[in-house]
Amino acid sequence: QVQLAESGGGLAQPGGSLRLSCATSVSIFRINVMGWYRQAPGKERELVATLGSGGLTNYADSVKGRFTISRDIAKNTVYLQMNSLKPEDTAVYYCNARRRGATMEGSYDHEYWGQGTQVTVSS
């Protein structure tokens with residue numbers, strides 16, 4: 001079981017910055033993919049950024065050049081640095097972890113979610 005603890009959400013002005021943190025209960029190397037998702041009112045949850053255990057990253061087109069996903073392996077923590085914030089970035093942001101593997105009992109493919117943290121960008 002993987003537990004995710006998020007922090008760092010809050011209020012920012014347009015053009016400002018916030019850094020979200022996601023602390024994991026296991027080593028990041030034991031998680032195949034870490035990700036950040038967001039959901040605005042009335043909209044579906046959408047991918048923001050992902051970080052594979054090997055260090056590869058992927059970003060939604062809407063945040064490329066503004067957001068950066070990174071990790072601190074020693075602290076078992078993944079970050080989302082958000083710069084040049086826009087009002088359309090307002091949403092609840094969720095940390096996600098996916099683990100795949102196999103045991104004698106069979107293979108597994110599990111996803112875990114944080115509780116979500118509110119990010120509001122407004123003047």
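Using modelled atom types, one finds no donor on one side chain facing an acceptor on the other under 3.5 Å when comparing Y79 with R19. A side-chain N or O of N83 and one of S17 form a donor-acceptor pair less than 3.5 Å apart.
Proximity of R45 to Y94: side-chain heavy atoms (C-beta onward) are separated by under 4.5 Å at one or more points. You'll find the side chain of T90 stays beyond 4.5 Å of the side chain of R38, heavy atoms only. Taking 4.5 Å as the limit, some side-chain heavy atom of P87 sits within range of a side-chain heavy atom of P14. With a 4.5 Å cut-off on side-chain heavy atoms, L20 and V119 count as touching. Counting heavy atoms from C-beta outward, Y112 and N96 have side chains that stay 4.5 Å or more apart. For the pair R30 and R99, the minimum side-chain heavy-atom distance is below 4.5 Å.
In terms of heavy atoms, S53 sits closest to R71 at O-NH1, 2.8 Å. The shortest heavy-atom contact between V92 and G116 is CG1-CA, 3.9 Å. Considering every non-hydrogen atom in both Y93 and E6, the closest pair reads O-OE1, 3.4 Å. Residues A97 and I31 approach most closely at CB-CG2, 3.7 Å, considering heavy atoms. Minimum heavy-atom separation, V26 to V2: CG2-CG2, 4.0 Å. Nearest heavy atoms, A91 versus A40: CB-N, 3.8 Å.
The side-chain tip of R100 does not point at the ring of Y108 from less than 6.0 angstrom away and within 45° of straight on.
Within 6.0 Å of CD in Q118 there are more than 12 heavy atoms belonging to other residues, nucleotides or ligands. The number of heavy-atom neighbours closer than 6.0 Å to CD of E46, taken from other residues, nucleotides and ligands shown, is above 12. Atom CD of E44 sits in a sparse spot, with 12 or fewer heavy atoms from other residues, nucleotides or ligands closer than 6.0 Å.
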Q: Give the intermediate values and the outcome of side chain to side chain contact (heavy atoms under 4.5 Å, CB included) for residues T24 and T77.
A: CA-CA 6 Å; T24 67; T77 300; over 6 Å; no

Q: Apply the test ring pair (Phe, Tyr, Trp, His ring centres under 6.0 Å) to residues W113 and Y37: give CA-CA distance (whole Å), side-chain angles for both, the deciding distance (0.1 Å), then the verdict.
A: CA-CA 10 Å; W113 294 91; Y37 292 74; 5.1 Å; yes

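Of the residues listed (T50, T68, L51), the one engaging T57 in a side-chain contact (heavy atoms from CB on, under 4.5 Å) is L51, and it is the only one.
For the atom pair Q13 CD and S122 OG, the distance stands at 8.5 Å (nearest 0.5 Å). Atoms CG and SG, from L80 and C95 in turn, are 9.5 Å apart once rounded to the nearest 0.5 Å. Summarising the geometry, atom CG belonging to N58 is positioned 9.5 Å from atom CD1 belonging to I69; distances are rounded to the nearest 0.5 Å. From Y59, atom OH reaches atom NZ of K64 across 10.5 Å, with rounding to the nearest 0.5 Å.
Looking at K86 and D89, no side-chain N of the basic residue comes within less than 4.0 Å of a carboxylate O on the acidic one, giving no salt bridge.
No donor-acceptor pair under 3.5 Å is formed between the side chain of S84 and the backbone N or O of G15.
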